[in-house]
Each structure stands twice: as C-alpha cells, then as structure tokens.
Amino acid sequence: MRPVSARHFKPAASPSLLATLCLLVLASLPLPAPGAEALRIAVISDLNGSYGSTRYGTAVDDAVKRILELEPDLVISTGDMVAGQRRPHLSRAELERMWAAFHHHVSDPLAAAGIPLAVTPGNHDGSAYHGFELERRVYAEQWLPRKPALEFVDDSHYPFYYAFAAGDVLLISVDATTVGHLPPRQMDWLQEVLEKHGSGYEKRVAFSHVPLWPFARGRESEYIGDPALERLLKDADVDLYLSGHHHAFYPGHKDGINLVSQSCLGAGPRRLVGTEHKSPRSFTLIDLTPGDTLIAAFRAPGFREPIDWNSLPRHIRSPAATLIRADRVKAGARPLATAGPGR
C-alpha cells in the first residue's frame, strides 16, 4: 500500500497578496492522519466467453493492461473467470485448458507485476450445484498453488471462502455460486471471523459472485436474498459488498452497506433493472481511505473513461429490494473523480 502524503508548498521570496491568501487557505486544510494509508483495489468480473471457450476478447487484455498502469495494491475477481457449468459436462482436460488460457491472459501478467489476485468462485468456475463437483475440484487445484502473498486471517477454506487483511482493511471472500442462502457452515464461519477480527480494522469488505440483492434485468431471481446475512454484515459494520454475475455496474446502497455490482469483461453485458441500455464492459477501481470509499468503473474501449454515475438510475427497485445509488446516501460511497498512475 502507498501512504497518503500531504503536498508541501513553498512560498516565493516576496509573495503577492493573492499567493499569501492561498497559502493561508492551504494551511487551514486538514492533513491526513499520520500513517494513514489508501488501499487501491481493482475489481474484475465475468471474463468468460461461451461454454468451454479458451478464447478471451480484446476487452480482457486491454483491461489487464490498464490495470497494470493504475498500479493497484490488489486485484479482486468476483468470479466467472472460465466458461464451465456446461451440460454435457466438460472433461478435466477441457477445464484445465480453460484455466491455462485464463492464467495466460490475466493471472500471469498480474503476478509478473507483483500485484496479488484474490479470487472467489463463480458458477462457471466451480458451481456448488450437483453435478459440477469436478469443476470445483479443478478450481481448487488451480488456485492452491497460486495462493497470493497476502496476510491471511483465516485461510482454512481457501480458495472458496477465506479472510485476509490489507493495511487497515479486512477483506472476506464469500463462496456464493448458487442462488439462495449460504450454507449454515459458511454462515457460522463468517460470523466467527467478523466477531473475532472485524472490529480490529478501519474498514471491512466482502465479495462474492452471486449478489446479495438483484441488479440486472433477466436476473431478478438470481441473488442470495438472505436477511440474516444482511443483518450479520450490517451488525459487523461491513462497509462494502462486491459482487458479479449480473454483468452490470451499479454502486448501490441498502441498510448501511455499499453494494457494488460489477459489469462483465467477457460475454453478455446486461441492462440494470428499470433501464434500456446495456452496461458497458468495465472494471471497477476502488480507493479506500479512513474517511472515504471512492469508486470508478472504467469502460471499454481503452478503459480510461469512467462511467458517469449520473447516467445510472437513482434507485433500482425489484420485488426483492430497493437499492439507492450510493452517492445519494450520506454514508454511501462516492465517485472516484480522477484515477491514474501515481494517483
């Protein structure tokens, strides 16, 4: 992580009245607390193509290239890195070829740059539905040797659900590849981690593939939807919940939690509930500081232009939940106005 540092201003030998006033104003601005750090996270999601495909579109390569330029401290994948979950089932050889292609396009460039990649399974990576046990085994076989050099708080169930620290932030992978409530075993684990470790960090971030509540048209029924999980996250003061699967970017807020849905980098961009235009392919960039959660989604092509939050609906209303755009809530996340190399 890179410390947030104050800029130092040196007056000229004989400053003008205007310059003197400017210096007085600058001197009155609060400086970051000593030792305060900003954590920069890039989030990628849903990179896969058609079932069994080992090909990745140019958007994936361009996004990885741009992420390397932005020099995040960490990259998170919210799932669907490969294109499994096909019937008839893919063979082990087919699964391994897909993962080799993903590593070539994504994992290896990030590793070469020294940027850790934290993953959570998607339904096309390691579905927990019956019949896809081989895909879950291969998923684990792929990521155990590639376990990132992170400060793990609990890695007993890595690479499915686990917790690690980055500076003053606690991050938790939630294994959600199916619709509906989490298994009791994982809920018990999550509660234990949050109770034991959560209060020791400035911020808490959770991430999974399937979202807590719906974001996209055509997937209004594909969500976790567990009020008990939402209460647990709220009671533990989880600041941010990241998800994939719905292929549409939206920075939402509900009951004190920022809920950010990622757009896809691969096939199948979708429309947000209540809208007509497909979400552009993008990756999400998040800057976490002690006082702020700043978010931008950089869109294809080129991944240099952020999605304008004002182009997104102020609310997303579905039968399951109402999500408020995060910048419309006092305690919500805010758009990251500028993001580039060197910050």
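The model shown is predicted, which means the values in this text are computed figures rather than measured ones.
Of all non-hydrogen atoms in Ala163 and Ile172, the two that sit nearest each other are CB-CG1, 4.0 Å. Of all non-hydrogen atoms in Leu134 and Leu90, the two that sit nearest each other are CD2-O, 4.2 Å. Nearest approach of Ser156 to Asp154, heavy atoms of both residues: OG-OD1, 2.6 Å. Among all heavy-atom pairs drawn from Ala63 and Phe303, the shortest one is N-CE1, 3.5 Å. Taking all atoms of both residues into account, the shortest heavy-atom contact from Ser45 to Thr78 is OG-OG1, 2.7 Å. Closest approach of Arg55 to Ser53, counting heavy atoms only: N-OG, 3.1 Å.
At a threshold of 4.5 Å between non-hydrogen side-chain atoms, the residues Ile44 and Ser77 count as touching. Inter-residue side-chain proximity for Ser282 and Phe298 is flagged as unmet; no heavy-atom pair is nearer than 4.5 Å. Considering only heavy atoms from C-beta on, Asp237 comes within 4.5 Å of Arg204 through its side chain. Contact check for Tyr56 versus His104: no side-chain heavy atoms found under the 4.5 Å cut-off. With a 4.5 Å cut-off on side-chain heavy atoms, Phe283 and Leu70 count as touching. In this structure, Tyr162 and Leu150 have side chains that are not in contact, with every pair of non-hydrogen atoms separated by 4.5 Å or more. Contact of the Trp189 side chain with the Asp175 side chain is not registered, since no non-hydrogen atoms from C-beta on lie closer than 4.5 Å. Using a 4.5 Å heavy-atom threshold, the side chains of Thr293 and Leu288 count as touching.
Separation of atoms CD1 (Ile316) and CD (Glu220) is listed at 10.5 Å; rounding is to 0.5 Å. Residue Met98 holds its CE atom at 10.5 Å from CD of Glu96, rounded to the nearest 0.5 Å. A distance of 6.5 Å separates CG of Leu171 from CG of Leu39, quoted to the nearest 0.5 Å. Atom CD1 in Ile67 sits 11.0 Å away from atom CG in Asp62 (nearest 0.5 Å). In this structure, CG in Asp188 is found 7.0 Å from CD in Gln191, a value given to the nearest 0.5 Å. We find the CG-CG distance between Asp226 and Leu232 to be 9.5 Å, quoted to the nearest 0.5 Å.
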Run the numbers on Asp292 and Lys203 for salt bridge (charged side-chain N to carboxylate O under 4.0 Å, His left out), then give the verdict. CA-CA 10 Å; Asp292 253 328; Lys203 289 183 180 292; over 6 Å; no
Step-by-step side chain to side chain donor-acceptor pair (under 3.5 Å) determination, Gln142 to His103: CA-CA 9 Å; Gln142 292 294 316; His103 296 320; 2.9 Å; yes
Could you go through the salt bridge (charged side-chain N to carboxylate O under 4.0 Å, His left out) check for Asp287 and Arg40 one step at a time? CA-CA 5 Å; Asp287 278 0; Arg40 170 163 285 184; 2.8 Å; yes
Going through the distances and angles, do Leu240 and Ile295 end up as a side chain to side chain contact (heavy atoms under 4.5 Å, CB included)? CA-CA 11 Å; Leu240 188 60; Ile295 298 172; 4.3 Å; yes
Criterion side chain to side chain contact (heavy atoms under 4.5 Å, CB included) on Leu229 and Met187, from CA distance to verdict: CA-CA 8 Å; Leu229 174 58; Met187 280 288 288; 3.9 Å; yes
With side chain to side chain contact (heavy atoms under 4.5 Å, CB included) as the test, would you mind laying out the steps for Ser208 and Leu182 before giving the verdict? CA-CA 11 Å; Ser208 67; Leu182 301 181; over 6 Å; no
Going through the checks in order, is the side chain to side chain contact (heavy atoms under 4.5 Å, CB included) test met by Phe160 and Arg136? CA-CA 9 Å; Phe160 295 99; Arg136 281 180 74 82; 3.4 Å; yes
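A donor-acceptor pair under 3.5 Å is absent between the side-chain atoms of Glu94 and the main chain of Arg92, judged by distance alone. Without hydrogens or angle criteria, Arg87 side chain to His89 main chain gives no donor-acceptor distance under 3.5 Å. Panel note: side chain His246, backbone Ala216; a donor-acceptor pair is recorded below 3.5 Å.
Arg281 and Asp46 are not joined by a salt bridge, as no carboxylate oxygen comes within less than 4.0 angstrom of a charged side-chain nitrogen. With respect to Glu230 and Lys234, no salt bridge is recorded, no charged nitrogen being found less than 4.0 Å from a carboxylate O. Using a 4.0 Å cut-off between a side-chain N of Lys or Arg and a carboxylate O of Asp or Glu, Asp327 and Arg334 do not qualify as a salt bridge. In summary, Arg66 and Glu69 engage in a salt bridge, as defined by a charged side-chain N under 4.0 Å from a carboxylate O.
For residues 307-320, the side-chain hydrogen bond (donor to acceptor under 3.5 Å, both in side chains) pairs, not counting sequence neighbours, are Asn310-Arg325.
Arg217 meets the salt bridge (charged side-chain N to carboxylate O under 4.0 Å, His left out) test with Glu276; sequence neighbours excluded. With sequence neighbours excluded, the residues that form a ring-ring contact (aromatic ring centres under 6.0 Å, His included) with Tyr223 are Trp213.
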Show me the donor-acceptor pairs, under 3.5 Å and distance only, between side chains in residues 117-125 and residues at least two apart or in other chains.
unit_1: Thr120; atom_1: OG1; unit_2: Ser173; atom_2: OG; d: 2.9
unit_1: Thr120; atom_1: OG1; unit_2: Val174; atom_2: O; d: 3.0
unit_1: Asn123; atom_1: OD1; unit_2: His209; atom_2: NE2; d: 2.9
unit_1: Asn123; atom_1: OD1; unit_2: His245; atom_2: ND1; d: 3.3
unit_1: Asn123; atom_1: ND2; unit_2: Gln85; atom_2: OE1; d: 2.8
unit_1: His124; atom_1: ND1; unit_2: Gly84; atom_2: O; d: 2.7
unit_1: Asp125; atom_1: OD1; unit_2: Met81; atom_2: N; d: 2.7
unit_1: Asp125; atom_1: OD1; unit_2: Val82; atom_2: N; d: 3.0
unit_1: Asp125; atom_1: OD2; unit_2: Asp80; atom_2: N; d: 2.7
unit_1: Asp125; atom_1: OD2; unit_2: Met81; atom_2: N; d: 3.2
unit_1: Asp125; atom_1: OD2; unit_2: Gly122; atom_2: N; d: 2.9

Side chains of residues 256-264: which donor-acceptor partners sit under 3.5 Å, not counting sequence neighbours?
unit_1: Asn258; atom_1: OD1; unit_2: His253; atom_2: ND1; d: 2.9
unit_1: Asn258; atom_1: OD1; unit_2: Ala333; atom_2: N; d: 3.0
unit_1: Asn258; atom_1: ND2; unit_2: Asp239; atom_2: O; d: 3.2
unit_1: Ser261; atom_1: OG; unit_2: Ala248; atom_2: O; d: 2.7
unit_1: Gln262; atom_1: OE1; unit_2: Thr284; atom_2: OG1; d: 2.6
unit_1: Gln262; atom_1: NE2; unit_2: Ser243; atom_2: O; d: 3.4
unit_1: Gln262; atom_1: NE2; unit_2: Val260; atom_2: O; d: 2.8
unit_1: Ser263; atom_1: OG; unit_2: Pro280; atom_2: O; d: 2.6

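Other residues, nucleotides and ligands contribute only 12 or fewer heavy atoms inside 6.0 Å of the CD atom of Glu151.
A single hydrophobic cluster is seen to contain both Leu194 and Tyr241, as judged by linkage of ILVMFWY side chains at heavy-atom distances under 4.5 Å, directly or through other members. With hydrophobic clusters built from ILVMFWY side chains whose heavy atoms lie under 4.5 angstrom apart, Ile307 does not share a cluster with Ile324.
Clustering of Ile, Leu, Val, Met, Phe, Trp and Tyr side chains at separations under 4.5 Å places Tyr129 together with Phe132, Val179.
Cation-pi geometry between Lys147 and Phe152 is met: the NZ or CZ atom falls under 6.0 Å from the ring centre, inside 45° of the normal.
Ring geometry for Tyr161 against His157 counts as parallel: the plane angle stays under 30°, on a 0 to 90° scale with 60° as the upper cut.
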